[in-house]
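Inspection log for the structure reproduced underneath, given as structure tokens.
Heavy-atom basis, side chains included; hydrogens, waters and symmetry copies ignored. A note on names: the letters A, B, ... follow the listed sequences, proteins ahead of strands, and every chain is numbered from 1.
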Amino acid sequence: MPIRLSSLFLRTLREDPSDAEVESHRLLVRAGYIRRAAPGVFTWLPLGLRVKANIERIIREEMERAGAQEVFFPALLPKEPYEATGRWEEYGDNIFRLQDRKKADYLLAPTHEEVFTLLVKDLYSSYKDLPLSIYQIQNKYRDEARPRAGLLRGREFVMKDAYSFDVTDEGLAKSYQAQRDAYERIFQRLGVDYVVVKADAGAMGGSKSEEFLSPSPIGEDTFVRSAGGFAANVEAVSFAVAPDVDGSKNPAPVIFDSPNTPTIATLVDFANQNHPGARPYTAADTLKNVVLALVSPDGKRELVVVGLPGDREVDQKRAEAFFGPHDVEAANDADFAKYPQLVKGYIGPVRAGKQFLGKDAESGIRYLLDPRVAKGSMWITGANEDQKHVFNLSYGRDFSADGVADIAEIRAGDPAPDGSGALELARGIEIGHVFQLGRKYAEALDLRVLDENGKLVTVTMGSYGIGVTRLVAVLAEANRDDAGLIWPEAVSPADVHIIAAGKDEEPFQAAEALSSKAETAGLSVLLDDRQKVSPGVKFADAELIGVPWVIICGRGVSEGQVELWNRRSGERVQVGLESAIEELLARRA
RNA sequence: CGGGAUGUAGCGCAACUUGGUAGCGCACCUGUUUUGGGUACAGGGGGUUGCAGGUUCAAAUCCUGUCAUCCCGACCA
């Protein structure tokens, strides 16, 4: 049966909802796909539900093709499994917690690694049972500090999460690849633009991880890519240490009074005015030493100093990824009070000719260097005395470091780490993420099976997610114009939108007839059979709702003509009433 | 959590400065009209003005508190 607009539970809005900032949110609400129920929580109306169901259907088909079996866990779970892996605490305020009448703790699951692992442990105990891939499409809950952008970052959202279980690393690599391939097929079928980028495994632990990002200016993730094919989330880019340079002719270090030069800019000006070198100094000739506080998960605070070229800033996200699981904060006044030797604005690796920064040096503070700092390179940097800087300080000769910290911001034009060209930066929305988790969860929950020698071995796992409801928003965001949505054929709430325009009987009869014919041909139909609604309103609603093909039964019907309208291109052609469905089928992708 | 803004009909807004008991547009209902681009006209229903106190003869309006929502940032498998 067609969906009849005369009785469909739908009310389109002529005005924009005031709380919708991003276009996808605005249009999905205006066109009657979703309604906000609470911050970051949405109700799905019939049209929205159909789009969501179409996405889910494609995912199910491809999961099945990849050999994954569907299961369904509760969203409401007891805390115990999450305590076993430490995530009950780790998640902090980000999970919804609740208690039953006996005061037992529960949570609304933010993700399901634990219970999947436990279920496999319950049922399987032999290598013969593996490999296994299982998945579900489920609501997830996260108490986001700030939900935003409608469906893009909600507190309740639908996710497809799959998990693979293997005995060997090779098996895991294969399972991972199968999911990764499925993801490519899914996103291609959905018609969503995406890039696969190397990702930071982060809090999930594990070794290999890739993200599927849909490029969008409103994306929350920043990634880099090169013409030569390098692509990574900025958090996951790591640069090799710059090769040594010949420092044998470096002049000896010399300390100058440098009054009132607490910033890089003032220091560069001072150097060029008072101690000009062979060429003008730039910020890149200075070594900036940033004091960071690393806060471990159990709350312990440790200072670390990172030296990087003065023209670079620390990228907070890269720093968090690099130092994880520690949180990274700028050192505060209390930290400086504990280390009175640190002179703000004049910090450097060396004091009075002796190594000052470093675990085993005078200060006892760990000292790390940006990978761009090459052995043999010379720097202008702080002398650890108020209003004094040291020039010609040569790395390897005059000072050393405890290691590398690759946490500097990445700039457009920086060379890709694999030598594949200059990097460009772009923003994207994370629509999928694949992880090789390894044995972290299996170990924590003791998921072991007997191998062919009768020995217990720990299972290795992968975890694979797709943001289903987020995809609705991503697709809406990417497929629209000023008048409304324009769905890709694969997800549209209907295959064709048939409009009866006019007050006479004929257009309505023609629309009914075309509707049956379309359904016989296997097409789903949205039929605008509303009486006493002017054509203008019907056209405007059709544009807003965004079914990619529209057939208008109007004046021409008496001459046996209807109009076939391609919503995306705007093209409208007259076709015969009798052949309209054939014409449509021929033109559909 | 820091900064900013806003809470008045289903939605979008006005009235608040200068207190006098709530209005406009859309949507909805009735009638007439119109029917290829959100027709026109007439009539109508719908509100504890976020909540709680206070000031006052009188509070949407002034004061205090509180809650909520949105935006920017922080945070974010």
Check: Hey, which of these two, A:K538 or A:L13, hits RNA chain B nearer its 5' end, going by closest nucleotide?
Finding: A:L13

Notebook entry, point to check: Do A:E70 and A:R60 have side chains that get closer than 4.5 Å, going by heavy atoms?
Noted result: yes

Notebook entry, point to check: Under 4.0 Å between a Lys/Arg side-chain N and an Asp/Glu carboxylate O for A:R185 and A:E62?
Noted result: yes

Notebook entry, point to check: A:K503 or A:L544: which one's nearest nucleotide on RNA chain B is closer to the 5' end?
Noted result: A:K503

Item checked: Per-nucleotide protein contact string for nucleotides 66-76 of chain B, where B marks a base within reach and S marks sugar-phosphate only (heavy atoms under 4.0 Å, - for neither) -> ---SSBBBBBB

Notebook entry, point to check: When the C1' atoms of B:G4 and B:C41 are considered, how many whole Å apart are they?
Noted result: 46 Å

Margin query: Restricting to ring-ring contact (aromatic ring centres under 6.0 Å, His included), what partner residues turn up for A:F73, sequence neighbours left out?
Written below: A:F116

Notebook entry, point to check: Within the side chain of A:N566, is there an N or O that forms a donor-acceptor pair under 3.5 Å with the backbone of A:R568?
Noted result: yes

Next item on the list: Rounded to the nearest angstrom, tell me the gap between atom CD1 in A:I499 and atom C1' in B:G38.
Entry: 13 Å

Note to self: Going by salt bridge (Lys or Arg N to Asp or Glu O under 4.0 Å), name the pairs with one or both residues in residues 527-537 of chain A, residues two or more places apart or in two chains.
What the structure shows: A:R4-A:D529, A:D528-A:R530, A:R530-A:D541

Next item on the list: Write down the distance separating the P atoms in B:U18 and B:C63, rounded off to the nearest Å.
Entry: 10 Å

Notebook entry, point to check: Strictly under 6.0 Å, is that where the ring centroids of A:H25 and A:F42 end up?
Noted result: yes

Next item on the list: Could you work out the separation of B:U69 and B:U8 based on their C1' atoms and round it to a whole Å?
Entry: 15 Å

Next item on the list: Specify the separation, in whole Å, of atom CG of A:D16 and atom C1' of B:C11.
Entry: 11 Å

Nucleotide N/O to protein N/O under 3.5 Å, stretch nucleotides 26-33 of chain B:
{"unit_1": "B:A27", "atom_1": "OP1", "unit_2": "A:R14", "atom_2": "NH2", "d": "3.0"}

Check: Counting any heavy atom closer than 4.0 Å, what does A:G465 reach on the DNA or RNA strands: base, sugar-phosphate only, or nothing?
Finding: nothing

Checklist line | Value in whole Å for how far the C1' atom of B:U34 lies from CZ of A:R555 | finding: 13 Å

Checklist line | Partner of A:W549 by side-chain contact (heavy atoms from CB on, under 4.5 Å), out of A:D495, A:L564, A:I498 | finding: A:L564

Margin query: Between A:Y464 and A:Y163, is the ring centroid distance below 6.0 Å?
Written below: no

Item checked: Atom-pair distance (CD on A:E563; C1' on B:G36), nearest Å -> 8 Å

Next item on the list: Please confirm whether any donor atom in the side chain of A:D541 sits under 3.5 Å from an acceptor in the base of B:G38, or the reverse.
Entry: yes

Next item on the list: Mind checking which stems touch RNA chain B? I mean at least 3 consecutive Watson-Crick or G-U pairs, both distances under 3.5 Å.
Entry: B:1-7 with B:67-73, B:10-13 with B:23-26, B:28-32 with B:40-44, B:50-54 with B:62-66

Margin query: Just so I know, are the side chains of A:K52 and A:W44 near enough to count as touching, which here means a heavy-atom distance under 4.5 Å?
Written below: yes

Next item on the list: Keeping the roles fixed (side chain from A:R470, backbone from A:L152), state whether a donor-acceptor pair exists under 3.5 Å.
Entry: yes

Notebook entry, point to check: Taking OP1 and OP2 of B:U34, is either one under 4.0 Å from a side-chain nitrogen or oxygen of A:S534?
Noted result: no

Margin query: Taking ring-ring contact (aromatic ring centres under 6.0 Å, His included) as the definition, give me every residue that meets it alongside A:Y33, ordered by chain and number, with sequence neighbours left out.
Written below: A:W487

Item checked: Atom pair distance, as rounded to whole Å: CZ in A:R30 and C1' in B:G38 -> 10 Å

Check: If the C1' atom of B:C1 is compared with that of B:U55, how far apart are they to the nearest Å?
Finding: 36 Å

Check: What's the spacing between A:L485 CG and A:L28 CG if we round to 0.5 Å?
Finding: 5.5 Å

